[in-house]
A.B. asks: 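Quick one: this structure, given as C-alpha cells, is what I'll be asking you about.
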There are 2 protein chains.
Amino acid sequence: MGVMSADRIPPHPDVRAVPLQRVLEALADPVRRSIVTQLCDTAADLKCGGFDIPVSNSTATHHFRILREAGLIRQYYVGTSRMNALRRDEFDDVFPGLLDAVVSADRRSSRPDATA
Amino acid sequence: MGVMSADRIPPHPDVRAVPLQRVLEALADPVRRSIVTQLCDTAADLKCGGFDIPVSNSTATHHFRILREAGLIRQYYVGTSRMNALRRDEFDDVFPGLLDAVVSADRRSSRPDATA
DNA sequence: GCGAAAGTACGATCGCTGTCAAACTTTGAT
DNA sequence: ATCAAAGTTTGACAGCGATCGTACTTTCGC
C-alpha cells in the first residue's frame, strides 16, 4: 500500500536556522567527516551504500540523519536507494570557509602524507 | 618549598602534531568556543578568571586543558595567575581558515542579531 | 504476487565527557 | 609566619551519543 516516494524523507532544515553547535557536533565525528569528505571528492551524489565507512547499516543511517539535520546534506530517493548530496552553496553562504577548512584538513589527516 | 614557576605548566603540543579530531572536539563545546572567541575579541592574553563562562572553577580548568592540548592556547604563569594566549599564527598555519570560520560563526550565534 | 535489495526504526549497551564539590598547592601581601 | 588569592587535582556522578542486532518497510525485477 504505497506511500508516494516524495515524503519518504524527513524535512531538511533551512541552513540559516541551524545552530553552529549542531554543525560542529556533526563535523566532530570521524565517520561523518569521512562521509562529507567523500562527497566533496566525488563531486557527485552518492547512495548511502556507496560510501566507504566502517560501521553497520543502522549506524550509518544515524550518521546520515545527523548530517541532514545539520544542513550539510540533502537526501532524496531514487528507486530503493537514498541519495546524498552536499548542500555546498547553501552551507557556504551561512558558514563561509568552514567546510573548506574542515575538509581540507581532513584530507590531510586521512592521507599517509609522503612529504619529505 | 618552591618549584620554579617555569615548569608549572604541562607541555604545549606542536600544532602540526595535533589531530584534526582533537581540534574539532575542542571547538565543539560551547564553553570552550566562548573562551576562544573571547580571546579573539580581546586581542590580549587573559587570566583564567578573566573569562565570562558559566562553569565552576574546576570545570574551567578542564576546558583550558582541552584547549591547550588542542594547540589552540598557550598558557603561562604571571604570579599566581595563569595567563591564556591564542596561538593564532601557529594554528592558522596548520588549519588555515578554520579558526576564522568558527569564531565568525560563533560571534553571530552569540549575538541577539537585530538585522531586518 | 514474490523475493531480493536498500535502508529505516527500535531498543539496549556502554564508554566518554562535562559537571561539581572538596581538598590541596603555590604565590603574593601583610 | 600567616592569610588570602588563584587554580589544580581528585573522585563521583549523570547524561549523551556511537554502536549493534533484529525486525520492519518500501521498491524493483522477474
A.B. asks: When you measure from the side chain of A/Glu25, which nucleotide among D/dG17, C/dT8, D/dA18 comes out closest?
C.D. replies: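 Side chain of A/Glu25 sits closest to D/dG17.
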A.B. asks: Checking B/Arg32 side chain against B/Leu27 main chain: does a donor-acceptor pair fall under 3.5 Å?
C.D. replies: no
A.B. asks: Nearest whole angstrom, please: distance from the P of C/dT27 to the OH of B/Tyr77.
C.D. replies: 9 Å
A.B. asks: Rounding to a whole Å, what distance do you find between A/Tyr76:OH and C/dA6:C1'?
C.D. replies: 15 Å
A.B. asks: Which one, D/dA6, C/dG7, D/dT19, comes nearest to the side chain of A/Val31?
C.D. replies: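 Nucleotide nearest to A/Val31's side chain: D/dT19.
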A.B. asks: To the nearest Å, how far apart are A/Phe51 CZ and C/dA6 P?
C.D. replies: 15 Å
A.B. asks: Tell me which of A/Val78 and B/Pro10 sits closer to the 5' end of DNA chain D, going by the nucleotide each one is nearest to.
C.D. replies: B/Pro10
A.B. asks: Can you tell me the distance, in whole Å, between the NZ atom of B/Lys47 and the C1' atom of C/dG28?
C.D. replies: 12 Å
A.B. asks: Side chains of B/Asn84 and B/Tyr76: donor-acceptor distance under 3.5 Å anywhere?
C.D. replies: no
A.B. asks: Atom CZ of B/Arg22 and atom P of C/dT17: how far apart are they, to the nearest Å?
C.D. replies: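 Spelled out: CZ on B/Arg22 to P on C/dT17 is 10 Å.
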A.B. asks: Check every strand shown and say whether A/His63 touches a base, only sugar-phosphate, or nothing at a heavy-atom separation below 4.0 Å.
C.D. replies: sugar-phosphate
A.B. asks: Of all the nucleotides listed (C/dG7, C/dT8, C/dC20), which has the minimum atom distance to the side chain of A/Arg82?
C.D. replies: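 Nearest listed nucleotide: C/dT8.
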A.B. asks: Picking from C/dA6, D/dA18, C/dG18, which would you name as closest to the side chain of A/Thr80?
C.D. replies: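 Among C/dA6, D/dA18, C/dG18, the one nearest the side chain of A/Thr80 is C/dA6.
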A.B. asks: Do NZ/NE/NH1/NH2 and the carboxylate oxygens of B/Arg88 and B/Asp92 come within less than 4.0 Å?
C.D. replies: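 A salt bridge is present here (some side-chain N lies under 4.0 Å from a carboxylate O).
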A.B. asks: To the nearest Å, how far apart are B/Leu24 CG and C/dC16 P?
C.D. replies: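 To the nearest whole Å, that distance equals 19 Å.
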A.B. asks: Does A/Glu90 pair with A/Arg87 as a salt bridge, N-O distance under 4.0 Å?
C.D. replies: yes
A.B. asks: Salt-bridged, B/Arg16 to B/Asp93, with N to O below 4.0 Å?
C.D. replies: no
A.B. asks: Does B/Thr59 or A/Arg32 map to a spot on DNA chain D nearer the 5' end, using the closest nucleotide for each?
C.D. replies: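 First, find each residue's nearest nucleotide; the 5'-ward one identifies B/Thr59.
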A.B. asks: What's the angle between the local helix axes at either end of the helix from C/dG1-D/dC30 to C/dT30-D/dA1, using five pairs per end and rounding to 10 degrees?
C.D. replies: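 What I find for the helix from C/dG1-D/dC30 to C/dT30-D/dA1 is an axis angle of 20°.
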A.B. asks: Donor-acceptor check, side chain of B/Gln21 to backbone of A/Ala28, threshold 3.5 angstrom: yes or no?
C.D. replies: yes
A.B. asks: Return yes if a side-chain donor-acceptor contact under 3.5 Å exists between A/Arg74 and A/His12, otherwise no.
C.D. replies: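 Their side chains do not contain a donor-acceptor pair, so the 3.5 Å distance test is not met.
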A.B. asks: Quick check for you: among D/dT19, C/dA6, C/dC20, whose closest atom lies nearest to any side-chain atom of B/Val55?
C.D. replies: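 Comparing D/dT19, C/dA6, C/dC20 against the side chain of B/Val55, the answer is C/dC20.
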A.B. asks: State which of C/dT27, C/dC10, C/dT19 makes the closest approach to the side chain of B/Arg8.
C.D. replies: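 Closest nucleotide to the B/Arg8 side chain: C/dT27.
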A.B. asks: Give a yes-or-no answer on whether the side chains of A/Ser56 and A/Thr59 include a donor-acceptor pair shorter than 3.5 Å.
C.D. replies: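 A/Ser56 vs A/Thr59: donor-acceptor pair found between side chains.
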A.B. asks: Rounded off to whole Å, could you give me the NE2-to-C1' distance for the A/His62 and D/dA18 pair?
C.D. replies: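 Atom NE2 in A/His62 sits about 6 Å away from atom C1' in D/dA18.
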A.B. asks: Side chain of B/Ser58 only, please: which of C/dA21, D/dG7, D/dC20 is the nearest?
C.D. replies: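 Nearest to the side-chain atoms of B/Ser58, counting from C-beta on, is C/dA21.
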A.B. asks: Quick one: A/Ile9 CD1 to D/dT26 C1', roughly how many Å, whole number?
C.D. replies: 12 Å
